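We count ligands from 1, going down the list as the structure has it; atoms in each ligand are counted the same way. These numbers come from a predicted model, not from an experiment.
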Amino acid sequence: MAKNKDARPPIFAVSVVGLSGTEKDKGNCGVGKSCLCNRYVRPDADNYYSEHTSVLSTIDFGGRVVNNDHFLYWGDVSHRGDEGLDCKIQVIEQTEFIDDQTFLPHRSTNLQPYTKRAAATKLQSAEKLMYICTDQLGLEQDFDQKQMPDGKLNIDGFMLCVDVSKGCNRKFDDQMKFVNSLYSQMVKSKKPIVVAATKCDECVDQNLRDLQAFVTSKKNLILIETSARYNVNIDLCFNALIQQLDKTRGKPKTVSYLEAFKVQ
Ligand code: GTP
Ligand code: MG
């Protein structure tokens, strides 16, 4: 059958998830979800921000970017396939925004705990704007204003981030407990999941080995070793998920963090 040249490229929505919450849950710093999204969507050094705060005032939580949700719309990326099969990837980050007065999670319309909420495949938020960086909050008019299309998205796949660095005031075992319960919710959706080991530039070998054991104990899970800081394997982890979403594409060759870092 002749291919319809005018056919629009398919669009896939990816939800980036991983341990989030108050300082009690996640320690002094996050696992790297925002940085991974930032590197994928806007990779160049001028548009990469290493800090994305989740502690917000009530005003910023209610602004059009956060829009009273615990998720962010990061915009979309045009993906050029090897065989010219293009597609678009819309990127969502599931996080938990903390009130800068009470240090408790902000109250959103969705009252489910993170592990349930982040596994959702239907997201809605009327007139929500694309997130760019922390400074944008409250100064939305000074930044590119792009809306989340139609105010809703259906999630096609998940990027599960697991921080394999030493972490700040957080035990790796506690992170894995959270990841296990998040995974058991996500798996119900039957959507493909790729595990991104984050902060591999500061990798603790034992943490990576424990994560490898978790991945091999599950069916159809792929692990990619990434560093958003040095932009290593960021495209690769999304490409691995795109291949799962569209099996007509060839599997990307997976390479370890060290191999990928060397060829940079
Ligand atoms: P929440 O959304 O608040 O749950 O956090 P998050 O998962 O989005 O984490 P975020 O991306 O904000 O990163 C938290 C901290 O880890 C920041 O200080 C980042 O600079 C740091 N970080 C993120 N990615 C990397 C990385 O690849 N390497 C190193 N060394 N640090 C990183
Ligand atoms: Mg974040």
Can you tell me which residue and heavy atom of the protein come closest to [atom], and the distance to 0.1 Å?
atom                    : result
atom 5 (O) of ligand 1  : G30 CA, 3.3 Å
atom 19 (C) of ligand 1 : S50 O, 3.1 Å
atom 6 (P) of ligand 1  : K33 N, 3.4 Å
atom 27 (O) of ligand 1 : A228 N, 2.8 Å
atom 25 (C) of ligand 1 : K199 CG, 3.5 Å
atom 2 (O) of ligand 1  : T95 OG1, 2.7 Å

Problem set entry | Distance-only side-chain donor-acceptor flag, D246 / T248, under 3.5 Å |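 Their side chains do contain a donor-acceptor pair, which is all the 3.5 Å distance test asks for.
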
One residue to check: [X]. Relative to ligand 1, which of side chain, backbone, both or neither has a non-hydrogen atom less than 4.0 Å away?
X    : value
S54  : side chain
E202 : side chain
E93  : side chain
V31  : both

Exercise. Nearest heavy-atom pair of I132 and W74: which atoms, and what distance?
Worked result: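 Heavy-atom minimum between the residues: O-CZ3, 4.0 Å.
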
Exercise. For the atom pair CG (L123) and NZ (K128), what is the distance rounded to the nearest 0.5 Å?
Worked result: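 One gets 9.5 Å once the value is rounded to the nearest 0.5 Å.
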
Problem set entry | Pairwise distance CZ(F214) to CG(L223) - rounded to 0.5 angstrom |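 Answer rounded to 0.5 Å: 10.0 Å.
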
Consider every N or O of [X] and every N or O of ligand 1, then say whether any pair is closer than 3.5 Å.
X   : answer
C35 : yes
L36 : no
Y48 : no

Problem set entry | Closest E93 atom to the Mg ion (ligand 2) [N, O or S only] |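 Atom name returned: OE2.
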
Exercise. Is there a donor-acceptor pair closer than 3.5 Å between any side-chain N or O of H79 and the backbone N or O of F238?
Worked result: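 No.
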
Just which atoms of ligand 1 are under 4.0 Å from any heavy atom in [X]?
X   : value
S34 : 6 (P), 8 (O), 11 (O), 12 (O)
K26 : 1 (P), 3 (O), 4 (O)
S20 : 1 (P), 4 (O)

Exercise. Under 6.0 Å between ring centres, would you say that holds for Y114 and H70?
Worked result: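 No, the ring of Y114 stays outside the 6.0 Å limit from the ring of H70, centre to centre.
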
For this session: Answer yes or no for D201: is there a heavy-atom contact with ligand 1 below 4.0 Å?
Result: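 Per 4.0 Å heavy-atom rule, D201 contacts ligand 1.
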
For this session: Can you figure out which of C200, G32, S227 has its heavy atom closest to atom 9 (O) of ligand 1?
Result: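 Residue with the shortest heavy-atom distance to the ligand atom: G32.
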
Salt bridge [X]-[Y], side-chain N to carboxylate O under 4.0 Å:
X    : Y    : result
D76  : K146 : yes
E202 : R229 : yes
D99  : R107 : no
K191 : D156 : no

Exercise. Does atom CG of L139 have more than 12 heavy-atom neighbours from other groups under 6.0 Å away?
Worked result: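 Enclosed: over 12 neighbouring heavy atoms sit under 6.0 Å from CG of L139.
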
For this session: Among Q212, K199, E259, find the one that has a side-chain contact (heavy atoms from CB on, under 4.5 Å) with E225.
Result: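 In the set Q212, K199, E259, the residue that makes a side-chain contact (heavy atoms from CB on, under 4.5 Å) with E225 is Q212.
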
Exercise. From the Mg ion (ligand 2) out to just under 2.8 Å, does an N/O/S atom of S34 turn up?
Worked result: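 Yes, S34 qualifies, because one of its backbone or side-chain N, O or S atoms lies under 2.8 Å.
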
